[in-house]
Q: 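Let me begin by handing over the structure; questions about it come next.
The model shown is predicted, which means the values in this text are computed figures rather than measured ones. Just so it is clear: chains get the letters A, B, ... in the order the sequence lines come, proteins before strands, and each one is counted from 1.
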2 protein chains.
Amino acid sequence: MTTGILKGGIRHDEMRRSNRSLVIGAVRRAGKLSRTEIAGLTGLSQSTISAIAADLISEGIMLETEHASSTATTRRGRPQVALTLNPEAARAVCLYLSYNQLLAAIVDYSGATIRSTSQTLDTLALGREELIDAVMGAVRNITDGQGQFMRIVFAFQGVTDARANEVLWSPIVSHSNIPFGSLLEDAFSVPVSVQNDCNLIATALHWKNPERYGKNFLAVLLSHGIGMGLMLNGRIFTGIRSSGGEFGHMIHKPDGSLCRCGRRGCIEAYAGSYAIQRRAQDENLHAPLADTHGADLQSLLATARASEGPARLAFREAGQAIGFGLGSLFSLIDPAPVALIGHGTAAFDILEPEIRTALAQTAAGDIASELAFEVWPDEVPLIQEGSAMSALISVDQDVFGPGLRILGAEPEVVA
Amino acid sequence: MTTGILKGGIRHDEMRRSNRSLVIGAVRRAGKLSRTEIAGLTGLSQSTISAIAADLISEGIMLETEHASSTATTRRGRPQVALTLNPEAARAVCLYLSYNQLLAAIVDYSGATIRSTSQTLDTLALGREELIDAVMGAVRNITDGQGQFMRIVFAFQGVTDARANEVLWSPIVSHSNIPFGSLLEDAFSVPVSVQNDCNLIATALHWKNPERYGKNFLAVLLSHGIGMGLMLNGRIFTGIRSSGGEFGHMIHKPDGSLCRCGRRGCIEAYAGSYAIQRRAQDENLHAPLADTHGADLQSLLATARASEGPARLAFREAGQAIGFGLGSLFSLIDPAPVALIGHGTAAFDILEPEIRTALAQTAAGDIASELAFEVWPDEVPLIQEGSAMSALISVDQDVFGPGLRILGAEPEVVA
DNA sequence: TTTATTTTTTCGGAGCTCGAAAAATATAGC
DNA sequence: GCTATATTTTTCGAGCTCCGAAAAAATAAA
């Protein structure tokens, strides 16, 4: 139900704008598409597609590829000409700051990675200015001599604001409210979006496997902390003020274990890998916050698998927290496909039965049995792919859709 | 971020369709509007509005009202002519089935109630067929001799499916999966939508007070059970399969109190009025399910206000459950304006401090202090208004927006 | 080489919006 | 009462964009 916020009469140019975006989106999704196929997919007429394609080609946004052998073997009749996005049409910079690591990449308009860099840095120890300098330096470094670029996407473990401009809070740095968006925009004169890593994971899943991850699904990152990306109605769900979806900080047990965020009883305080380790060692009151990235958890997991004991109990309680949390979430939005991502999924064999047992005790219980989890151990490639798609879709819709011409992306005129 | 589900090229007729809807929506929102004002609000040109208004008037959807004294006292120049929706253009039937009561109303296209009926019935005791017959009878009864109508909205305390067709489960009847939508559609040959009562409350708040209840807010019904309606991005939020938003059945305490739904630890099992009463009397294991509609709760509340004791404790625990629940919810969607509705709000003086204390311990704690609750003791008028608006907006957009002509709504030709 | 088949482009027609000018309708001043 | 001024609404021609049908293009099959 639309509810009467006005402004927004459709004019003539809007129509073209929208249809151009539709065509670009269809080609991005499929990779290669003939005019006839585009007409079929969009419902627009052949003649309209012909006109729009001619424009896009003359603007250097799309390319005609030699005889597309798209449809099986050669058939009678004039062969279809495949259209693709012109890789040279635009470039974007993708940044990903995670615990002690800063990744950067340049992608072309087709999504291919042109160049990438990686550097380690002590994220928690760094001062505010040092942190900003490191990020700025990474962009300067990777773009040096690489020509113009049209977008920066800054992926971040933490809470960003809803306008995708500022980092509000993050577990991996010691500072809050850092306006990376404005800083980067001022420095590089390019639109920047600051995005929560889990939201980008969801974006990536949607592009990798649209059958499973269509208009509604859930991606849960099981890592040092617990994160979530949520797709609802075909859109990444963000909160009203922040990037939202702080699944890890829903309350599992009022007044329960101490969480990294300073509060008590959050899901993360049971299911984050630091919490599992803490629970396995002594009792569960105070958080040591040792950085348990990788190895330690592996040995703990081996112990847990070997026999009953505190280690296995710790993983079980983690599974319970996740299960009840999903149950509460599903009370609001119903079960949907769920993906579990990150190194915490190594313990999936122990977690899953506990998750299902807990879920069965919640309002989602009836349909929980239908629910299939998919596991992706490594989140980094997903975040990188999500960043690239996020940047490029933004170019598709905001720049090439409207048909503006942008500095530094001078299109070749393909007579 | 739009994500590439195709189909949906904009054609020429779509443009008109969309702009017609926009005009109708503007007039519905404002009640009375001159062509000039519509042009200003929609951003469309005067000439376009003139053309669209002429169409709508000739189709009998809008009316020219005598010299609208909309703008203060008379000014120089040709006076504005106010346009209003023609009350005769359409009618809709609104039904509301709640505990032991079935309300029906006919509203005209301006939203005015033409006729209304009320009947009591023993909802829990009624057989499946008796229940269906009662609903059918109510529609037949109220529409008898009243001419054609274009929509039925069936408001319901309970879970409906996402297509707004079926009642999946309800606490007030003994049967589940009743396809009221199809049954009514077959019987009356009119589109029917079956809606959760809390979603309609949210719709009503949005129309009554768009400043406060704009694109994002939350309505929580504190009654025998606990319900929720959620507006996100200007749309009523529904789950993927069901009407969704079952706030009352998020888990407050794993393995906690028995809930009316058969599970344990739901928020409702602490905050529903049956739960409060149960908690005040003995211990909290089994639910008596006495129908505590009204009076009993009043005396309990008096006891609670008078002195410390089990009664006050029961209300306090209810507040805690609500507070932690809101905290979890706000972890996902951030604080937004909240309205509390229903007879449970009579205890607001006791509940509020507990809600705020609990909230402060959750991720929403930082901004919880900014949060203002608004209290509406009586839900029925809101549900009725919400039903009417829901039905009429559907006519606006699906029938009159496209400009089709519908049986039984023969427009007068206003030369 | 001719015919059949399929894709793509071209062209005329129709619908919608827009801006500017004209028409309509009131008040204000003399 | 008449004219000037102000404001709203309608009218009219121009400009986009889309569509359908026909033409053109490009290939396989006969």
Side-chain angles (χ1 to χ4, degrees), chain A residues 8-23 32-58 62-83 401-403 414-415, chain B residues 8-23 32-58 62-83 401-403 414-415:
Chain A
I10 298 187
R11 287 82 158 290
H12 243 135
D13 45 329
E14 289 266 2
M15 194 158 70
R16 231 315 150 68
R17 201 161 304 204
S18 161
N19 287 341
R20 277 174 63 112
S21 285
L22 198 69
V23 169
K32 241 185 191 184
L33 233 38
S34 72
R35 292 170 174 79
T36 310
E37 291 169 317
I38 297 173
L41 283 167
T42 58
L44 294 168
S45 72
Q46 297 267 20
S47 31
T48 302
I49 298 302
S50 186
I52 291 177
D55 285 355
L56 292 173
I57 290 170
S58 81
M62 292 204 320
L63 289 179
E64 285 193 329
T65 302
E66 296 307 301
H67 302 195
S69 55
S70 63
T71 28
T73 46
T74 49
R75 292 183 325 198
R76 201 189 273 217
R78 178 172 176 173
Q80 301 188 345
V81 179
L83 300 173
V414 182
Chain B
I10 298 187
R11 287 82 156 289
H12 236 146
D13 45 330
E14 289 267 1
M15 193 160 69
R16 225 325 146 66
R17 201 160 306 203
S18 162
N19 289 339
R20 276 173 65 109
S21 285
L22 198 69
V23 169
K32 240 186 192 184
L33 232 41
S34 73
R35 292 168 174 81
T36 311
E37 290 169 319
I38 296 174
L41 283 166
T42 58
L44 295 168
S45 72
Q46 297 266 21
S47 29
T48 302
I49 299 302
S50 186
I52 292 177
D55 284 357
L56 292 174
I57 290 171
S58 82
M62 292 203 320
L63 288 179
E64 285 191 331
T65 302
E66 296 307 301
H67 302 196
S69 55
S70 62
T71 27
T73 45
T74 49
R75 292 182 324 198
R76 204 189 271 217
R78 180 173 175 172
Q80 302 188 345
V81 179
L83 301 173
V414 181

Q: Starting at CZ of R17(A) and ending at C1' of dT17(C), how long is that distance when rounded to a whole Å?
A: 14 Å

Q: Whole angstrom is fine here: how far is it from CD1 in I57(B) over to P in dT9(D)?
A: 10 Å

Q: Of all heavy-atom pairs between T65(A) and K32(A), which one has the smallest distance, and what is that distance?
A: CG2-CE, 4.0 Å

Q: Restricting both atoms to N or O, compile the protein contacts to nucleotides 27-30 of chain C shorter than 3.5 Å, with distance only.
A:
unit_1	atom_1	unit_2	atom_2	d
dA28(C)	O4'	R76(B)	NH2	2.8

Q: Please evaluate residues R16(B) and H12(B) with respect to the criterion side-chain contact (heavy atoms from CB on, under 4.5 Å), reporting the C-alpha separation (whole Å), side-chain torsions for both, the decisive distance (0.1 Å), and the verdict.
A: CA-CA 7 Å; R16(B) 225 325 146 66; H12(B) 236 146; over 6 Å; no

Q: Looking at S18(A) and I10(B), what are the two nearest heavy atoms and their distance?
A: OG-CD1, 3.3 Å

Q: Spell out yes or no: do the side chain of R78(A) and the base of dT7(C) have one donor N/O and one acceptor N/O closer than 3.5 Å?
A: yes

Q: Anything under 3.5 Å between a protein N or O and an N or O of nucleotides 10-12 of chain C, put it in a table, one pair a line.
A:
none

Q: Would you kindly compare I52(A) and E64(B) by the position of their nearest DNA chain D nucleotide and give the one closer to the 5′ end?
A: E64(B)

Q: Among the candidates dC18(D), dT7(C), dC18(C), find the nucleotide nearest to the side-chain atoms of Q80(A).
A: dT7(C)

Q: Are any protein N/O atoms closer than 3.5 Å to N/O atoms in nucleotides 13-16 of chain D? If there are, list each pair with its distance.
A:
unit_1	atom_1	unit_2	atom_2	d
dG15(D)	N2	H12(A)	ND1	3.2
dC16(D)	O2	H12(A)	ND1	3.3
dC16(D)	O2	H12(A)	NE2	2.9

Q: Please determine whether a side-chain nitrogen or oxygen atom of S45(B) lies at a distance below 4.0 Å from atom OP1 or OP2 of dG19(C).
A: no

Q: So does R11(B) get a side-chain nitrogen or oxygen closer than 4.0 Å to the phosphate oxygens (OP1/OP2) of dC16(C)?
A: no

Q: Under 4.0 Å: is that the gap between some side-chain N or O of N19(B) and OP1 or OP2 of dT17(C)?
A: yes

